[in-house]
Amino acid sequence: MENTLLLVIFSLLTSLLTFILTITSREIINGRRTRQRAIGFFHPYTNDGGGGERVLWCAVKAIQEESPDLDCVIYTGDHDSSSESLMSRALDRFGVQLLTPPKVVHLYKRKWIEETSYPRFTMIGQSFGSVYLSWEALCKFTPLYYFDTSGYAFTYPVARLFGCKVICYTHYPTISLDMISRVRDRSSMYNNDASIARSEDIVFGVSERQRFANILHFFFQNPHCSIKECKYMDVQLKPHLDSTKLAVYLAVFLACSLSGLVEKSRILLKPNTGIWKTLLSTCRVHGDLELGRELVCLKLNNAEDKAHLLCVAAVLICFRGSSSGLSFDIFTELVTRMLAFMKAACFLAREASLWAFDDISDSSSLCIHNVLSEDMTALLGWLSWCKMIYYTLFSWMYGFVGSCAHLAMVNSSWTQSHIEKLWRIPSRIKRVYPPCDTSGLQVLPLERPATTPIFISVAQFRPEKAHPLQLEAFSLAIRRLDADMPRPILQFVGSCRNKFDEDRLQKLQDKAVELNVDGDVQFYKNVMYRDLVRLLGGAVAGMHSMVDEHFGISVVEYMAAGAMPIAHNSAGPKMDIVLEEDGQQTGFLAQNVDEYAEAILKVLRMPETERLKIAAAARKRAGRFSEQRFYEDLKAAIQPILNHVSR
């Protein structure tokens with residue numbers, strides 16, 4: 001009976017597989033037979049408004065000029081798009097005048113490439129989802145040439161099956177060697193969650209930990225600081241709060257109270273007020289470590305969740321501020337009791353050990369530091385190894401699918417180096433710098449109105465663009481302004497692709513309020529190209545803060561418009577763009593909040609004659625990345641493919 005049942009199940013599965021293979025083969029054969037003399041541009045989001053969309057329309061125009069008999073077809077998931085509306089959008093948004101309206105093929109499976117569809121394993125989920133989406137696209141319309149302008153490399157084998165010549169313009173590798181290195185080194189970033197990054201930085205990144213340490217140091221060194229200064233510190237911490245950072249938040253105010261500011265700390269103290277009033281009184285009024293120790297043990301014995309243990313860590317930190325100090329015996333006993341209740345809380349105990357002693361070289365502090373680091377490595381290190389395996393397997397798959405391209409164009413030296421190592425087809429890879437509207441921007445005058453200095457930031461409201469860093473740097477620069485210096489304005493100009501981008505924009509606006517710079521910051525969403533030109537023409541400098549930005553079209557646009565760039569010191573801006581021109585500086589490179597703030601201040605303090613020299617050199621360098629240069633390089637790269645196709 002069991003054998004019969006297994007045989008039936010096997011027969012059904014075999015029949016289903018045969019049916020699927022038959023349908024798939026039929027679609028592929030039909031597609032290969034009915035290929036149209038056209039070039040299909042795979043660009044599911046034709047309303048993203050970024051540099052990728054500019055590349056799309058400039059590539060369409062270049063093909064129309066090079067091969068007028070070749071139809072241009074756009075695969076898009078934007079259902080309200082039409083041939084006429086896309087042609088108008090190319091002109092209104094990017095200033096690109098297409099020769100004829102492109103044909104449109106609407107896609108209805110775009111949800112399979114949405115990041116929201118894959119809360120975990122997003123990268124591989126979106127990649128496999130793009131395979132399904134490209135299948136829909138090529139079944140609906142099969143062109144001679146398949147041109148991917150959005151970076152969906154997993155679609156290339158599908159296009160090859162349908163008999164298409166595969167061309168791609170890669171802005172950024174889906175996975176890079178730098179990403180693998182970050183996981184190996186356990187560094188936290190927007191695409192490497194802190195929970196699987198370095199065990200010793202499980203809650204706080206290095207820069208955050210330093211910020212908290214600096215704030216604690218401020219309170220200890222300034223026992224008579226004003227309420228205004230206390231509130232400023234409160235503002236600095238609140239944007240970084242979540243349940244795991246409650247301890248540090250409380251620790252600041254405990255440290256404040258230990259410096260003789262009990263009432264001031266109570267003004268700002270919000271969470272767990274009832275409990276912490278008792279501890280404040282214990283630490284400040286009585287100065288009794290024994291009583292404080294009993295309170296801590298009481299909380300430990302009644303600990304029900306992680307938040308209680310985090311509060312204990314705050315007590316460990318604040319005891320350092322007491323006049324009698326915290327003895328090594330008491331500290332180690334408290335740490336031992338914490339570990340007995342919750343293993344995952346030991347990272348906070350370790351952080352407390354770093355802050356509870358003045359000198360890390362102290363033998364007791366170093367001992368606790370080492371023991372707890374080893375403990376957390378054993379507990380959490382396997383997560384990083386799992387992600388390393390995941391990234392390694394994905395990079396191998398990415399290399400395989402990428403090698404299916406007949407021609408791969410890349411937008412920068414940084415991208416080229418990574419793609420060559422991953423795809424291993426160097427002879428088929430051409431570097432074509434992206435089109436930057438330098439001609440339209442170069443006619444703008446280099447002189448700026450001698451009123452309010454304007455800094456501009458042009459980028460989509462995506463997490464990797466690191467807008468909060470710019471806002472923090474701008475806030476810091478304003479606080480460091482000399483009395484006779486004009487107060488600048490920061491303009492954020494960008495597009496929102498979806499609700500998540502809208503939410504990020506709202507959080508950025510809220511952060512401006514928290515930093516008390518909302519009156520100095522302006523936000524422009526989804527502006528037309530002519531409005532962007534106007535805004536660029538009034539800016540003295542442009543901000544850019546994305547780590548490992550593949551190229552950085554916005555940086556070139558700043559330079560062409562006469563705005564000095566302040567860009568991140570990595571990848572495209574560092575290797576290709578913000579370089580000297582004829583021995584003259586063309587802009588600034590920075591990596592953290594302090595460096596960006598210093599660059600802003602340098603611009604504000606700079607004499608007008610020096611600013612004009614740098615702006616002129618930057619504009620000259622921007623000419624290397626013009627739209628006309630893009631047309632010439634793309635046509636030269638694609639011509640051999642267009643001239644050697646057999647049906």
Side-chain angles (χ1 to χ4, degrees), residues 20 42-50 52-53 75-79 106-139 148-159 168 170-184 186-197 242 380 382-402 404 418 422 460-466 495-505 507 546-548 550:
I20 293 174
F42 190 74
H43 202 98
Y45 297 92
T46 49
N47 64 348
D48 59 12
E53 190 180 350
Y75 296 112
T76 177
D78 299 314
H79 303 152
H106 291 114
L107 305 178
Y108 295 89
K109 310 295 184 185
R110 193 173 71 178
K111 68 176 183 179
W112 294 103
I113 62 170
E114 294 278 359
E115 62 183 68
T116 53
S117 299
Y118 312 97
R120 295 294 179 188
F121 301 101
T122 308
M123 191 164 55
I124 199 166
Q126 287 181 298
S127 297
F128 286 154
S130 69
V131 174
Y132 185 38
L133 188 64
S134 67
W135 180 268
E136 178 195 6
L138 292 168
C139 285
D148 168 46
T149 52
S150 294
Y152 292 105
F154 278 68
T155 66
Y156 304 165
V158 180
C168 66
T170 302
H171 300 268
Y172 196 89
T174 304
I175 186 169
S176 68
L177 302 176
D178 290 342
M179 289 169 63
I180 298 175
S181 297
R182 287 191 191 102
V183 177
R184 183 184 298 115
R186 298 180 188 175
S187 308
S188 178
M189 202 178 173
Y190 68 90
N191 56 1
N192 188 30
D193 192 272
S195 63
I196 49 182
D242 54 36
L380 298 168
W382 68 274
L383 291 172
S384 289
W385 281 110
C386 288
K387 194 162 188 177
M388 266 298 299
I389 295 172
Y390 168 50
Y391 271 19
T392 301
L393 289 174
F394 185 84
S395 66
W396 179 84
M397 290 188 289
Y398 184 65
F400 171 74
V401 297
C404 293
H418 284 275
L422 290 165
Q460 292 174 313
F461 292 105
R462 289 155 44 189
E464 62 268 29
K465 297 301 182 180
S495 59
C496 293
R497 304 163 298 171
N498 47 42
K499 181 181 180 298
F500 297 96
D501 288 354
E502 297 278 359
D503 292 343
R504 273 186 283 271
L505 173 57
K507 289 179 181 178
M546 178 177 171
V547 178
D548 288 341
H550 36 81

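Below, all heavy atoms of this structure are taken into account, side chains as well, without hydrogens, waters or symmetry copies.
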K.L.:
Specify the closest pair of heavy atoms between Pro157 and Val401, including all atoms of both residues, with the distance to one decimal.
P.N.:
CG-CG1, 3.8 Å

K.L.:
List the atom of Ile124, the atom of Tyr390, and the distance in Å for their closest heavy-atom pair.
P.N.:
N-OH, 3.3 Å

K.L.:
For Thr155, give me all partners under side-chain hydrogen bond (donor to acceptor under 3.5 Å, both in side chains), at least two apart in sequence or on another chain.
P.N.:
Tyr146

K.L.:
In chain order, what residues pass the ring pair (Phe, Tyr, Trp, His ring centres under 6.0 Å) check against Phe400, with sequence neighbours excluded?
P.N.:
none

K.L.:
Once ring pair (Phe, Tyr, Trp, His ring centres under 6.0 Å) is applied, do any residues pair with Tyr118, and if so which ones, sequence neighbours excluded?
P.N.:
none

K.L.:
Suppose we screen for side-chain contact (heavy atoms from CB on, under 4.5 Å). Which residues come up paired with Asn47, at least two apart in sequence or across chains?
P.N.:
Tyr45, Asp78, Arg89

K.L.:
Considering residues at least two apart in sequence or located in another chain, which fulfil the side-chain hydrogen bond (donor to acceptor under 3.5 Å, both in side chains) criterion with Tyr156?
P.N.:
Asp148

K.L.:
Any non-hydrogen side-chain atom of Phe42 less than 4.5 Å from a side-chain atom of Leu107?
P.N.:
yes

K.L.:
For the pair Thr174 and Gln126, evaluate side chain to side chain contact (heavy atoms under 4.5 Å, CB included) and give the outcome as yes or no after the intermediate values.
P.N.:
CA-CA 10 Å; Thr174 304; Gln126 287 181 298; over 6 Å; no

K.L.:
Heavy atoms only: give me the nearest Met546-Lys465 pair and the separation to one decimal.
P.N.:
SD-NZ, 3.7 Å

K.L.:
Any side-chain heavy atom of Tyr172 within less than 4.5 Å of one from His418?
P.N.:
no

K.L.:
If you compare all heavy atoms of Leu505 against all heavy atoms of Cys496, which two are closest, and at what distance to 0.1 Å?
P.N.:
CD2-SG, 4.1 Å

K.L.:
Regarding Asp503 and Lys507, does a basic nitrogen lie under 4.0 Å from an acidic carboxylate oxygen?
P.N.:
no

K.L.:
Might you point out which heavy atoms bring Phe500 and Thr116 nearest each other, and give the distance in Å?
P.N.:
CE1-CG2, 2.7 Å

K.L.:
Measuring from Arg110:CZ to Ser117:OG, what's the distance to the nearest 0.5 Å?
P.N.:
11.0 Å

K.L.:
For Tyr398, enumerate each residue passing the ring pair (Phe, Tyr, Trp, His ring centres under 6.0 Å) test, keeping only those at least two apart in sequence or located in another chain.
P.N.:
Trp423

K.L.:
Sequence neighbours excluded, which residues qualify as ring pair (Phe, Tyr, Trp, His ring centres under 6.0 Å) partners of Phe128?
P.N.:
Phe154

K.L.:
With sequence neighbours excluded, what pairs up with Glu115 under the salt bridge (Lys or Arg N to Asp or Glu O under 4.0 Å) test?
P.N.:
none

K.L.:
If I compare all heavy atoms of Thr149 with all of His171, which pair ends up nearest, and what's the gap?
P.N.:
O-NE2, 3.5 Å

K.L.:
Would you please name every residue forming a side-chain contact (heavy atoms from CB on, under 4.5 Å) with Lys109, sequence neighbours left out?
P.N.:
Trp112, Tyr132, Leu133, Glu136

K.L.:
For Arg504, enumerate each residue passing the side-chain hydrogen bond (donor to acceptor under 3.5 Å, both in side chains) test, keeping only those at least two apart in sequence or located in another chain.
P.N.:
Asp501

K.L.:
Go through the structure and list residues passing side-chain hydrogen bond (donor to acceptor under 3.5 Å, both in side chains) with Ser150, not counting sequence neighbours.
P.N.:
His43

